[in-house]
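Comments concern the structure below.
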Amino acid sequence: MADGDAGPSKNFIQTIIEDDLKNNKNDGRVHTRFPPEPNGYLHIGHAKSICLNFGLAQEYKGQCNLRFDDTNPSKEDTEYVDSIQDDVRWLGFDWDDRKFYASDYFDKLHDYAVELIKGGHAYVCELNAEDMREFRGTLTEPGKNSPHRDRAPEENLDLFARMKAGEIDEGKYTLRAKIDMASPNMNLRDPVIYRVQKSHHHRTGDTWCIYPMYDFAHGLSDSLEGITHSICTLEFENHRPLYDWILEKLGVHHPQQIEFARLNLTRTVMSKRKLRELVEQGHVRGWDDPRMPTISGMRRRGYTASAIREFCKTIGITKFNGTIEMSLLESVLRKELNTVALRTMAVLNPVKLIIDNYPDDQVEMMSAVNNPQDPEAGKREVPFSKELWIERDDFAEVPPKKWRRMTVGKSVRLRYGYIIDCTHIVKDDAGVITEIHCSYDAETRSGTGTSERKVKGAIHWVSAAHAKGAEVRLYDYLLKDPEECEDKDDFLACLNPNSLKVQTAYVEPGMKDAAAGSPYQFERTAYFTLDKESQSDKLVFNRIVTLRDSFSKKQKKGGQQKKGGQQKKGGQQKKQKKQQD
Ligand code: ATP
Ligand code: MG
């Protein structure tokens, strides 16, 4: 680095742009675009592209357009157009007045096609799909010229006009670019640039019965909008010669196409086609099901836009395809939630705790800290009484070694409350514990108590008479662990049957006023947020993410304390836990 700047290193696209700016290429402009096809909802992979394109425009004081690549009328819908705009805005980006549609350019694209025909660079071909495939050759064998390749421009113009006029049936004629049937790059073997398709378009209605192919429309739309850097994913790398060929032959403004590696994440799927399958076959409850990797699903689940942006920054931009662990996204999310989420107590798997020596009708208001990470978040009052709900898991009849929670004969602190001594339990006929009994030490009230007594464990609780019942939806990954998946190529067979577990929990009474869209930390369990289906008489919460990753929990349960790297990880986890307390 020439300047020895200690700032974060630049990715290869920033380097290209900075060189271009130095050389005053494009008159020093930076203009990018995010070009979704409105045939599904956006997913977290798209978020990477959105952060990149809008982020570069911000960084270099340029502009970024939102453009709908709506050249395939059979799969597109205005529902998708609306959701895409919501998602981009929610992620924190703005296209101002630069919302475009490839379909806005249909007239111009048609005229460009006519120009190519006139220049002898395109022809109408009568081969059907099957013959065309055969004539195309293979990766190892060159293709064969179409018998219609050398028609005169006048004849081509006439046939193309007849295609446009609706005289030709679908699949019969196509307009093809005349490039090179022997090219080692299959995309240059006279690709189709226009096809007959007699379908209704969500914006142009029935005006057109010929539609441009993606590769033709895309580069020309970039050109028409004055885009300078056309950023796309790696699979378009060998479409670049075609992108360049079209713009060169027409002699129009020529953006530079630059490819980067798409985002792949473990334990989920990242293709609109597969996501649509999940929705249409009812494996999930819609595009915004909180298990989906869609932006709307993540938003509903309680992910924050800034955590997603931070994640995109963390993974960076490269030219090499790879797969990112879902746990990385979760750890970025936890880090942010830990600083912003208000704390509250909720019991997910309840059992009754009865304090035998506590006065029957007494209710005390206990003062609880809303967010230890944020002094401005203040405190709240939580009612405490004789009968409480506590987590079943916080009691053990036969405690394991180093058990710090409840068991008969031991003491724990009730968070923000008193130290209690566990005396006995009551079971039903089936042997299930129905009541845990204890006595409390009145001198140990949190904050104001005079006792010096200390105990190692603290557990959370809610007052049975005051708590609100709530449905909690506990999400797990959409896909099973690949090791448990027999046929990895069949993603439907890899769906995790336990991706949603619904339970009834008890929450603090104050949670009836929980703010929609805000994350909460249910102390000691997980982060939650109110679901859109929640109602004042039936609260519903989505689990956003657990407090620690299940890998480390599994390790602890199995007692496999390994040395070296694993040990270190355990240490980090402990630190994280401390922060969250
Ligand atoms: P999918 O393969 O999921 O159907 P797509 O590429 O067909 O996605 P588009 O609507 O064409 O979806 O994508 C809009 C933009 O988002 C494109 O520039 C595309 O390259 C980019 N994009 C799509 N998926 C990813 C991903 N997983 N990672 C990064 N960028 C992506
Ligand atoms: Mg696409």
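Just so you know, ligand 1 is whichever comes first in the structure, and atom 1 is the first atom listed for that ligand. The basis for the numbers below is simple: all heavy atoms, side chains too, and nothing from hydrogens, waters or symmetry mates. Computed from a predicted structure; not experimentally measured.
Salt bridge annotation for E330-R548: absent, with no cationic side-chain nitrogen under 4.0 angstrom from a carboxylate oxygen. Taking 4.0 Å as the cut-off between side-chain N and carboxylate O, K501 and D476 do not count as a salt-bridged pair. In summary, E126 and K172 do not engage in a salt bridge, as defined by a charged side-chain N under 4.0 Å from a carboxylate O. The pair D288-R299 does not meet the salt-bridge criterion, since no charged nitrogen lies less than 4.0 angstrom from a carboxylate oxygen. The pair D531-R300 counts as a salt bridge, with a side-chain nitrogen and a carboxylate oxygen less than 4.0 angstrom apart. Look at R98 and D96 and you find a salt bridge, because one of the NZ, NE, NH1 or NH2 atoms lies within 4.0 Å of a carboxylate O, short of that distance.
When only interatomic distances are considered, the shortest N/O to N/O separation between K48 and ligand 1 does not fall below 3.5 Å. Ligand 1 has a nitrogen or oxygen under 3.5 angstrom from a nitrogen or oxygen of H46. Polar contact check, T233 against ligand 1: a nitrogen or oxygen pair lies under 3.5 Å apart. For ligand 1, one of its N or O atoms has an N or O atom of G45 under 3.5 Å away. Inclusion of C232 in the set of residues having an N or O under 3.5 Å from an N or O of ligand 1 is not warranted. Residue-to-ligand polar distances place E37 within reach of ligand 1: an N/O pair is separated by less than 3.5 Å.
Under the 4.0 angstrom criterion for non-hydrogen atoms, F34 is in contact with ligand 1.
Short contacts between ligand 1 and H43, defined as distances under 4.0 Å to a heavy atom of the residue, involve ligand atoms 3 (O), 24 (N), 27 (N). Below 4.0 Å from some heavy atom of S271 lie the following atoms of ligand 1, by number and element: 3 (O). Taking a cut-off of under 4.0 Å to the non-hydrogen atoms of P35, the atoms of ligand 1 that pass are 14 (C), 18 (O). Which parts of ligand 1 touch P36 is read off a 4.0 Å heavy-atom cut-off, strictly below it: atoms 10 (O), 14 (C). Every atom of ligand 1 with a heavy atom of M270 under 4.0 Å away is listed here by number and element: 3 (O), 27 (N).
Aromatic ring pairs are classed by plane angle as parallel below 30°, tilted from 30° to 60° and perpendicular above 60°; the pair H110 and W208 is tilted.
Residue L263 holds the heavy atom nearest to atom 27 (N) of ligand 1 of all those in L263, N53, N264, D69. Across the listed options R276, K274, R262, E235, R262 owns the non-hydrogen atom lying nearest to atom 24 (N) of ligand 1.
For D82, the side-chain contact (heavy atoms from CB on, under 4.5 Å) partners are Q85, not counting sequence neighbours. With sequence neighbours excluded, no residue forms a disulfide bond (SG atoms under 2.5 Å apart) with C209.
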